[in-house]
Amino acid sequence: MMSRPSPTPIYTLRGAAAPLNTLHFSCQQGTQPLLYSGSGKGSIHVWNLDSRRAETVLDGHSGSSVTWVSTLQSTGALLSQGRDMRVCLWDLSEGRAEVSESLWTGSVGFCQCSTLETGWGAWLLACPGEQTEEIKIFALPGKTLVCSLLPKAKLGMVMCLQLWQPDAGPGPLLLAGYEDGSLLLWDVSQRSVLSQAPATLPEPLMCLAFDPQRLKGVAGSSDKTLQTWVLDQNKNLQLTDPVTLVNPGVSQLCIRGDGKLLASAGWDHRVRVFSWKKLRPLAVLQHHADMVLGVAFSDHQDPRQRLLAAGSKDQRISLWSIYNEGADTG
């Protein structure tokens with residue numbers, strides 16, 4: 001039997017002229033499908049997925065590397081985080097391309113922010129703080145500091161974050177990975193640690209992704225392991241069987257919105273796709289000439305149009321259409 005041919009990207013976006021650190025789709029019904037990318041030279045490209053060109057290039061971080069971009073579901077507002085220690089809120093209405101508000105974080109690390117919408121046009125922002133292990137929670141758009149979370153033990157720099165709201169019980173909750181490999185679950189309202197999984201990985205946690213529906217998460221680091229965990233009924237972190245990769249180094253992890261796929265951005269220039277239910281390897285996507293720094297799944301309303309994007313240090317973005325409507329990903 002002949003082996004299946006390796007997948008190829010449906011197209012590649014060029015023109016950023018810098019490493020692509022982070023990606024974010026906005027493809028909601030009734031709006032033009034867009035992909036936002038943040039680069040190592042401080043620019044944010046707004047890519048039109050119909051024309052396959054950048055329709056706008058934003059520069060609000062004074063040339064400092066952009067480490068995270070996101071949009072708010074309720075308003076479509078764009079947020080960006082840079083190594084200039086600022087989070088920017090952009091006004092892109094009526095052809096504008098301006099920073100309407102900015103928030104100083106005091107952090108020079110690479111930890112990406114996380115948002116949680118609490119109402120129309122209102123949200124919480126979790127970001128690394130000035131102190132090594134500090135996490136700050138702000139209520140926006142008022143930029144009110146809700147709390148500062150500092151673990152009692154020395155865990156090293158905070159490396160990755162995800163805010164989420166449980167279906168039942170108090171909230172919001174925050175997952176945080178640290179430099180020593182620890183994973184903590186914080187109750188933001190109580191400013192307390194609900195659970196800790198020490199030494200989740202032997203290396204600093206570079207990235208994590210969490211599925212609030214299945215109460216299941218995964219973390220990656222500079223080694224060859226993807227560590228998975230679940231939350232039990234008492235909100236305790238329970239480590240589950242890890243997945244061993246062929247080559248070390250994971251920059252980012254992303255779970256598709258329908259909960260069927262997990263994608264990893266590899267230092268070995270590859271994107272790996274797994275079934276999220278059983279962590280079964282499904283595909284290895286080879287296209288880039290340097291390490292892959294970011295991955296993102298699109299939020300197209302039509303499942304047949306869903307895309308996977310990968311941004312690389314080689315200054316290109318590859319877009320893939322894989323395992324869409326009707327595909328077996330068990």
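- Nearest heavy-atom pair across Q315 and P19 is CG-N, 3.9 Å.
- Each of L140, T115, V146 was compared with L124 under the side-chain contact (heavy atoms from CB on, under 4.5 Å) criterion, and only V146 meets it.
- Under the 4.5 Å side-chain criterion, counting only non-hydrogen atoms from C-beta, K136 is in contact with E130.
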Q) Please walk me through it: do F110 and M206 pass side-chain contact (heavy atoms from CB on, under 4.5 Å)? A) CA-CA 9 Å; F110 292 94; M206 304 295 295; over 6 Å; no
Q: Kindly indicate, with the supporting measurements, whether the criterion side-chain contact (heavy atoms from CB on, under 4.5 Å) is fulfilled by I44 and V57.
A: CA-CA 6 Å; I44 300 161; V57 181; over 6 Å; no
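- Counting only distance, with no hydrogens or angles, the side chain of D91 and the backbone of S100 share no donor-acceptor pair below 3.5 Å.
- The two residues A309 and I317 make their nearest non-hydrogen contact at CB-CG2, 4.3 Å.
- A salt bridge does not link D211 with K216: every distance from a Lys NZ or Arg NE/NH1/NH2 to an Asp or Glu carboxylate oxygen is 4.0 Å or more.
- Hydrophobic clustering places L262 together with V250 (ILVMFWY residues linked when any side-chain heavy atoms are closer than 4.5 Å, directly or through intermediates).
- Q305 has its side chain out of reach of S298: every pair of non-hydrogen atoms, C-beta onward, lies at least 4.5 Å apart.
- In this view, D258 and R256, R306 satisfy the salt bridge (charged side-chain N to carboxylate O under 4.0 Å, His left out) rule, not counting sequence neighbours.
- No side-chain donor-acceptor contact under 3.5 Å links S114 and Q162.
- Atom NE2 of H288 and atom NE2 of H269 lie 10.5 Å apart (nearest 0.5 Å).
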Q: Could you walk me through whether V69 and S37 pass the side-chain contact (heavy atoms from CB on, under 4.5 Å) test, one step at a time?
A: CA-CA 7 Å; V69 289; S37 67; over 6 Å; no
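- In terms of hydrophobic clustering, with Ile, Leu, Val, Met, Phe, Trp and Tyr side chains grouped at heavy-atom distances under 4.5 Å, L13 and I10 are assigned to a common cluster.
- Judged by distance alone, the side chain of T75 and the main-chain N or O of A77 form a donor-acceptor pair under 3.5 Å.
- A distance-only check finds no donor-acceptor pair linking the side chain of T225 to the backbone of Q227 [under 3.5 Å].
- If you chain together hydrophobic residues whose side chains sit under 4.5 Å apart, I322 and V295 fall into the same group.
- By the 6.0 Å contact criterion, CG on D167 is open, its count of non-hydrogen atoms from other residues, nucleotides or ligands being 12 or less.
- Evaluation of the ring-ring contact (aromatic ring centres under 6.0 Å, His included) test over residues 42-95, restricted to residues two or more places apart or in two chains, returns H45-W47.
- A 4.5 Å side-chain heavy-atom check between L125 and I137 finds every atom pair outside the cut-off.
- Heavy-atom contacts from other residues, nucleotides or ligands closer than 6.0 Å to CZ of R191 number more than 12.
- Heavy atoms only, all atoms of each residue included: L173 and K235 are closest at CD1-CE, 3.7 Å.
- Taking the ring axis of W104 as reference, the NZ or CZ atom of K143 does not stay both within 45° of it and closer than 6.0 Å to the ring centre.
- In terms of hydrophobic clustering, with Ile, Leu, Val, Met, Phe, Trp and Tyr side chains grouped at heavy-atom distances under 4.5 Å, L185 and L149 are assigned to different clusters.
- With sequence neighbours left out, the ring-ring contact (aromatic ring centres under 6.0 Å, His included) criterion links F210 to W164.
- Without hydrogens or angle criteria, N234 side chain to N236 main chain gives no donor-acceptor distance under 3.5 Å.
- Rounding to the nearest 0.5 Å gives a distance of 11.5 Å between CG of L161 and CG of L184.
- Across every non-hydrogen atom of A97 and L58, the tightest pair is CB-CD2, 3.5 Å.
- Of the residues L23, L79, L78, the one that meets the side-chain contact (heavy atoms from CB on, under 4.5 Å) test with Y36 is L78.
- For residues 211-243, no residue pair satisfies the ring-ring contact (aromatic ring centres under 6.0 Å, His included) rule, not counting sequence neighbours.
- Note that CD1 of I135 and SG of C113 are 11.0 Å apart. Values are rounded to the nearest 0.5 Å.
- Within the 4.5 Å cutoff, the side chain of P248 has no heavy atoms near those of the W267 side chain.
- Proximity of a side-chain donor or acceptor of S39 to a complementary backbone N or O of S43 within less than 3.5 Å is detected.
- Seen from the ring of F274, R280 does not count as a face-on cation partner, given the 6.0 Å and 45° thresholds.
- Not counting sequence neighbours, S195 has no partner by the side chain to side chain donor-acceptor pair (under 3.5 Å) test.
- Distance check: M159 CE to L208 CG gives 11.0 Å after rounding to the nearest 0.5 Å.
- Here CG of D232 is found 8.5 Å from CG of L237. Values are rounded to the nearest 0.5 Å.
- For CD of Q73, the number of neighbouring non-hydrogen atoms (other residues, nucleotides, ligands) closer than 6.0 Å is 12 at most.
- Of all heavy-atom pairs spanning S221 and D223, the tightest one is OG-OD1, 2.8 Å.
- Under the 3.5 Å distance criterion, the side-chain polar atoms of S318 are left unmatched by any main-chain donor or acceptor of T12.
- Taking 4.5 Å as the limit, every side-chain heavy atom of K224 sits out of range of all side-chain heavy atoms of N247.
- At least one donor-acceptor pair under 3.5 Å links the side chain of S74 to the backbone N or O of G121.
- Q112 places a side-chain N or O within 3.5 Å of a backbone atom of T67 that can act as its donor or acceptor partner.
- Between the side chains of T71 and H24, at least one donor N or O sits under 3.5 Å from an acceptor N or O.
- Sorted by first and then second residue, the ring-ring contact (aromatic ring centres under 6.0 Å, His included) pairs involving residues 177-203 (not counting sequence neighbours) form an empty list.
- Judged by distance alone, the side chain of E179 and the main-chain N or O of P204 form no donor-acceptor pair under 3.5 Å.
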Q: Would you please test S65 and N21 for side chain to side chain donor-acceptor pair (under 3.5 Å) and show each step?
A: CA-CA 8 Å; S65 184; N21 297 327; 2.7 Å; yes
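- Following chains of ILVMFWY side-chain contacts shorter than 4.5 Å, one can reach L49 starting from L20, so the two form part of one hydrophobic cluster.
- Between C160 and C111, the shortest heavy-atom contact is N-SG, 3.6 Å.
- Between the CD atom in Q81 and the OG atom in S64 there is a gap of 11.5 Å [rounded to 0.5 Å].
- Side-chain atoms of R86 never come within 3.5 Å of backbone atoms of G106 as a donor-acceptor pair (strictly under, hydrogens ignored).
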Q | Derivation and outcome, side-chain contact (heavy atoms from CB on, under 4.5 Å), residues L163 and L175 | A | CA-CA 6 Å; L163 272 170; L175 283 157; over 6 Å; no
